[in-house]
Every structure is written in C-alpha cells, then in structure tokens.
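Working notes, structure below.
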2 protein chains.
Amino acid sequence: MLDVRKLRLLRELARRGTIAAVAEALAYTASAVSQQLSALEREAGVALLARSGRGVVLTPAGLVLVEHAEDVLAVLERASAAVAEAGGGLAGPLRIGAFPTAARTILPAALVELARRHPGLELRVDEVDPAEVPDAVRGGELDVALVHDYDFVPQQRDPGLDSEPLLTEAMFLASARPPEVGVDPIGWCRDLPWILGRPDTLCHLVAVRACQVAGFTPRVRHHADDFGTVLALVAAGLGVAMVPELGVGDPPEGVVLTRLPVHRRTQAAYRAGAGGHPAVAACVAALRSSVAARQSSHASPSARSR
Amino acid sequence: MLDVRKLRLLRELARRGTIAAVAEALAYTASAVSQQLSALEREAGVALLARSGRGVVLTPAGLVLVEHAEDVLAVLERASAAVAEAGGGLAGPLRIGAFPTAARTILPAALVELARRHPGLELRVDEVDPAEVPDAVRGGELDVALVHDYDFVPQQRDPGLDSEPLLTEAMFLASARPPEVGVDPIGWCRDLPWILGRPDTLCHLVAVRACQVAGFTPRVRHHADDFGTVLALVAAGLGVAMVPELGVGDPPEGVVLTRLPVHRRTQAAYRAGAGGHPAVAACVAALRSSVAARQSSHASPSARSR
DNA sequence: CATCCAGCATCAGCACAGCTTACGAATAAC
DNA sequence: GTTATTCGTAAGCTGTGCTGATGCTGGATG
C-alpha cells in the first residue's frame with residue numbers, strides 16, 4: 001500500500017524540481033524529504049528518482065506515479081468534502097486567501113453573508129499575493145483563495161487545484177494627462193516613467209509583459225502594490241500605471257483612466273476535489289453573489305474613460 | 001488530510017460490523033482499531049460511529065465516508081498498478097488463490113505459461129476456499145484469486161474487488177443408478193443420502209439450496225470436499241452428489257452423470273483498481289488462455305450425460 | 001433478578017517510524 | 001582552485017501507534 005503522505009512529497013517534487021524546495025515548502029528538512037522519497041521507492045519497488053547533476057529528476061515511472069498521486073489526493077479531498085457535507089454541516093475553520101484589492105472590495109460583503117448564514121464557520125482571511133496562492137492552497141494553509149490570471153501572463157493549469165471563474169474586469173491605464181487619440185495607449189507611454197507593483201508579483205509581471213508586447217521595456221521608477229498609493233503617485237505626475245477595474249474605486253483628481261484591451265479574470269480556487277465541501281461551496285456562492293451585487297449597484301469606472 | 005490506513009479500518013468495519021472482527025481480520029488488537037477509529041473521527045471532525053447495544057454502528061456520515069474510502073483505495077491501487085507497469089515491468093511476488101478443483105485443472109497450465117513468459121515473477125499459489133477469498137484479496141494476502149458463484153447462491157458484489165469472468169460450466173448430478181426419465185433429477189434424489197462438501201463451503205451451500213428449490217432438505221450422509229473422493233463414494237453406492245464439470249475429469253466406473261440446469265461461473269478476482277497491474281493482467285490472460293485451451297482439447301463430459 | 005459474557009473505551013507502557021542535526025560527497029558556478 | 005548548492009547517510013530524539021490490562025455497558029441465560 002503506497003503511503004499518501006509520501007505521494008504528496010513526490011507530487012511537490014514534480015512541481016518544484018528539487019528536494020530542498022519541497023522541504024522548504026512543506027516545512028521539513030531536506031533530509032526528511034529525501035528519506036521519505038527513498039522509502040517510497042522501496043515501497044513502489046521501482047526507481048522513481050535519478051540523480052542528475054547535483055539535483056534529481058523523476059524517472060518515467062516517477063512521472064506516472066505523480067499523475068496518479070494527483071488522482072489519489074483529489075479523491076481523498078473529495079472524501080473529506082463528502083464527510084463534512086454529510087456530518088458536520090457548516091462548521092469549523094475556513095481559511096480564505098485574497099489579494100489586497102479583493103480583500104477590500106468583493107470580500108467583505110461575501111464574508112458578512114457567509115458569517116450570517118453559517119455562524120458555525122470560523123472564518124479567517126489571509127492577504128496573500130496571488131503568486132503564492134497555489135502553493136498555500138495545495139499545502140493546506142488556505143482552503144479557498146482568490147486568484148487571477150491576466151492576458152499576457154500564462155496561467156499554468158495546476159492539476160492539484162480546481163477553480164471557478166468569478167469575474168472578468170478590464171485593465172486601465174492611469175496617467176496624469178490623457179493619451180493621444182488613435183494611438184496605442186501603452187505605446188504612448190513608451191518614454192514615460194512607470195509605477196509598478198513589487199517585483200515577483202503578478203501585478204508587476206503583467207505590466208512588463210504588456211509593455212513588451214507593445215515593443216518596449218518600461219522604465220520602472222516606482223514600486224507600489226497598493227493601488228490607492230499608485231493612483232496618488234500618478235495624480236502627482238510621477239508616472240503612469242496599469243490598474244485593474246477593482247483597484248480604482250474612487251480615483252483621485254487629476255488621474256485619467258483609459259480602458260485597455262487587457263483583462264484580468266478573477267477566480268476562486270480550492271484544492272482539487274474540495275468543490276463539494278459545503279463550506280467551500282458556500283464561500284464560493286457568497287463570493288459570486290457579492291460580485292453580482294457589486295456589478296449591479298456600482299457604476300463602472302469606464303464612464304470616466306475615453 | 002484523512003489517513004488512508006484508518007479509512008481501510010473503517011471500510012472493514014462497515015463490512016464486518018464489529019471492531020473485534022476488524023481487529024481479528026487485520027491482525028490487530030481491538031484496542032488498536034478502536035483508537036484508530038477514534039482518531040479518524042477526530043480528523044474528520046464528525047461522529048462516524050455510534051454505540052448501539054454492545055456494538056457500534058456507522059452514522060450516516062460514516063457510511064458516506066466508507067463509500068469514498070472505497071474510491072480512495074481503488075485509486076491508490078490503480079496508482080500501484082500504474083507504477084508497476086511503468087517501472088518494474090513484470091517482476092516481484094504474485095500470490096494466487098485457487099479452489100482445489102481449479103488448482104488441479106486450469107491453474108497448472110496457466111502457471112507454466114506465466115512463468116515462461118515472465119520469469120521475473122515469483123509465483124505463489126495458495127489453495128483457499130472461495131468463501132474466504134474476498135477477505136484475503138482485500139486484505140492483501142492474495143493478489144489474484146479464482147472464485148465462483150453458483151445459481152441459487154447470491155453473489156454479493158464486493159465494492160473492494162473487481163473480477164472478470166473466466167468460464168461457465170454446468171453442474172452434474174452424480175449417482176450410482178440413472179435417474180428416472182422425465183422427472184427432475186434433483187427431486188428424484190429426495191430420499192437418497194447426499195454427499196456434500198464440508199459445512200461453510202460454497203459447495204455445501206449450493207447443493208443445499210438446489211435441494212431446497214426442489215422442495216426438500218437433503219439428508220446429508222457424508223462430507224467430502226475433494227471431488228475424486230466424492231465420486232468414489234458415489235460409485236460405491238453410498239449416495240448422490242452435485243459436482244461441477246471441472247470436478248469430473250475422469251469419473252470412475254459406475255457413476256452416472258446427469259447434466260443439471262444449474263451452472264457455476266468462475267471468475268478471476270483482484271483488488272479494485274488492480275486490473276491495470278501488469279502482473280495481474282498477465283495472470284488473468286494466462287488463465288483465460290488455459291481455459292480456452294482446455295475447452296478446445298477436452299471433450300465435454302456432457303457426452304456421457306443423458 | 002442475578003449472573004455471565006461479548007463488545008468497546010481508556011490507560012499505561014513500549015517500540016518503531018520518522019524527524020532533526022551533523023557530516024560528507026558530488027557537481028556547478030565563479 | 002574556491003565556494004555554494006544539492007543530495008545522501010549516520011546518529012540521536014520524539015511522537016505516533018501498538019499491546020496488554022482494566023473497567024464499563026448491554027444483551028443473553030437460567
């Protein structure tokens with residue numbers, strides 16, 4: 001009988017490439033991971049890893065086992081969800097991860113509704129960058145998380161996660177002066193200083209990619225993750241920025257927003273198989289209704305765009 | 001994360017009804033099983049067992065979890081099979097269970113072929129009564145086993161096992177004198193002494209059932225499992241018996257065989273999900289070809305029946 | 001009704017699986 | 001050559017999970 005804990009290590013190894021990375025991600029020492037994987041090989045009776053340089057690579061048999069490990073973990077997750085559904089109803093902890101913008105906009109209403117309808121839930125919200133979300137959800141630190149993928153940023157499909165689309169929003173160019181009419185707004189910013197998110201965040205990456213598609217590399221002058229800060233900097237004439245629709249709730253005076261042909265799709269993600277978990281399903285439903293309520297009540301900032 | 005070892009205990013509990021029986025079947029003490037199931041309840045966060053009288057019963061949540069446990073175990077078995085297929089090829093131990101008749105007839109040729117084509121396999125055969133087979137296969141003591149179900153004997157479908165049909169054979173009535181023409185052969189034996197298999201075997205049960213269907217309870221005079229012995233007793237005029245086609249390879253002088261409208265179907269069974277395991281698949285294929293070779297070369301004893 | 005026994009839970013004790021720390025070997029980068 | 005990674009092995013320790021003993025409950029028996 002293969003050990004599921006070890007299969008999880010193998011899956012993480014497939015995703016991260018090195019034993020050291022797996023150990024760091026799952027809060028073990030590299031030694032423990034190495035020993036466990038050796039034991040797994042012994043149980044399987046087949047070589048799963050092969051040394052390559054100073055690292056390891058998965059053998060074909062290892063790759064096959066990883067695929068099946070995904071299945072096993074998903075079915076196990078489904079069992080968890082089913083028993084929660086059948087027995088406890090809606091109670092216990094539910095950890096939600098959200099990026100800062102969502103945590104201020106669509107999340108509060110959803111949390112209020114969730115807490116009202118299911119008082120047994122112990123809701124806990126963590127603000128995390130979307131780039132860290134997949135690992136945190138797979139690792140069990142989060143149960144539900146809001147993530148997005150942008151045009152230009154490849155969304156690698158994670159077989160360990162399932163997700164449901166929540167909303168699609170346009171990106172806007174924020175500038176102090178209106179861009180010229182008839183030209184590509186991003187190209188128009190070729191020589192202007194840019195205000196981007198911190199490196200290694202999705203916000204940062206999407207802006208760089210968009211500029212590369214337009215044929216240039218942005219001159220990054222400022223780094224700021226908070227869109228309020230970003231807009232204040234733009235208003236002060238310190239540069240231009242790309243902001244999503246949710247980030248411009250109340251744009252300050254002196255900021256011109258131009259709708260770009262770039263979108264970001266926000267999704268609710270959870271562990272593969274956990275979609276049937278009552279708390280997860282309720283959370284996703286609450287997020288949906290919060291999004292719907294927002295879209296019907298708020299005027300889109302596109303009214304201010306050209 | 002639910003623990004698969006504990007899920008296995010829960011599944012066995014659902015099948016056997018008492019913690020003590022689970023413990024005995026899996027070679028644990030009842031204390032260990034009780035502790036593990038308590039731990040499982042803690043992990044699940046839901047009551048899975050409830051005391052009922054001096055035993056326990058599964059709660060609705062427990063039943064739900066059992067169903068999913070079957071899935072988990074089957075998927076895990078499939079993972080095992082896949083990695084064996086991808087990596088080791090055909091090597092390692094393969095434990096085969098067979099009832100005595102098959103062990104003498106269709107099994108030897110299959111084993112020879114299997115050993116010839118896959119010398120890496122360490123074949124091991126155990127002779128077991130079909131009634132004990134499901135537990136032994138589920139418990140991992142056997143990998144493949146030959147089982148049969150008879151007309152009249154309910155074959156309860158075991159969700160932990162998969163099976164493939166191998167052959168269907170007729171049952172024969174063995175008697176010293178030919179039965180009257182035109183009457184039900186079994187009914188004709190109403191007042192004759194019967195020779196049956198040992199109690200608690202399928203052979204015993206099917207004969208009793210067949211007689212009950214004919215409207216009487218057989219007077220059991222002798223017990224013998226070996227069909228050679230049974231036929232010798234019949235030839236000596238000590239009673240009548242029901243024997244399957246495979247059991248009458250070379251009937252002694254003085255035995256009259258009468259084909260009955262009762263059949264038994266022989267199947268190859270293995271753990272759910274293990275059908276993709278190369279050694280299991282090869283074994284089943286070898287059994288099939290052995291059966292096919294037998295059927296084409298041997299004249300059916302029906303030639304001697306009336 | 002008193003007794004007996006089957007079945008389960010709890011407790012204490014112990015063994016082993018599995019983790020950490022420490023160290024060494026191999027390889028890539030500089 | 002030197003250094004930094006990365007992995008594997010050895011030694012030691014801790015916690016999980018097993019056994020065996022004990023007590024409790026509820027059905028069976030006379």
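Order of the sequence lines fixes the chain letters, A, B, ..., with proteins taken first and strands second; residue numbering starts at 1 for each chain. What you see is a predicted model; the values in this text were computed from it and never measured.
- By the 30° and 60° cut-offs, the orientation of the rings of A:H223 relative to A:H204 is parallel.
- If you measure from atom CD of B:Q35 to atom P of C:dT10, you get 9 Å, rounded to the nearest angstrom.
- A heavy atom closer than 4.0 Å to some atom of DNA chain C occurs in B:T18, B:I19, B:A20, these being the qualifying members of residues 1-25 of chain B.
- Between C:dA6, C:dA9, C:dT20, one nucleotide has an atom nearer to the side chain of A:Y28 than all others, and that is C:dT20.
- Atom CG of B:L49 is separated from atom P of C:dA9 by 7 Å (rounded to the nearest Å).
- At distances below 3.5 Å, at least one donor-acceptor pair connects side-chain atoms of A:D143 with backbone N or O atoms of A:R95.
- Extent of DNA chain D lying under 4.0 Å from chain A heavy atoms, first and last nucleotide in 5' to 3' order, is D:dA4 to D:dA10.
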Please walk me through it: do A:L94 and A:C283 pass side chain to side chain contact (heavy atoms under 4.5 Å, CB included)? CA-CA 9 Å; A:L94 180 71; A:C283 180; 3.8 Å; yes
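- The separation between B:Q36 atom CD and C:dA9 atom P is 13 Å, rounded to whole Å.
- Shown are B:V137, B:L142, B:V280; of these, the side-chain contact (heavy atoms from CB on, under 4.5 Å) with B:R271 is made only by B:V137.
- Judged by distance alone, with hydrogens and angles left aside, the side-chain atoms of B:E41 form a donor-acceptor pair with the main-chain N or O of B:L48 at under 3.5 Å.
- A:R15 has no carboxylate O lying under 4.0 Å from a charged side-chain N of A:D135, or vice versa, which leaves the two without a salt bridge.
- Electrostatic pairing of A:K6 and A:E43 counts as a salt bridge here, judged by a charged N lying under 4.0 Å from a carboxylate O.
- Donor-acceptor pairing under 3.5 Å, judged by distance alone, is present between the side chain of B:S31 and the base of C:dT10.
- At distances below 3.5 Å, at least one donor-acceptor pair connects side-chain atoms of B:T59 with backbone N or O atoms of B:A47.
- When each of A:A32 and A:R54 is assigned the nucleotide of DNA chain C with its nearest heavy atom, A:A32 is the one assigned upstream, toward the 5' end.
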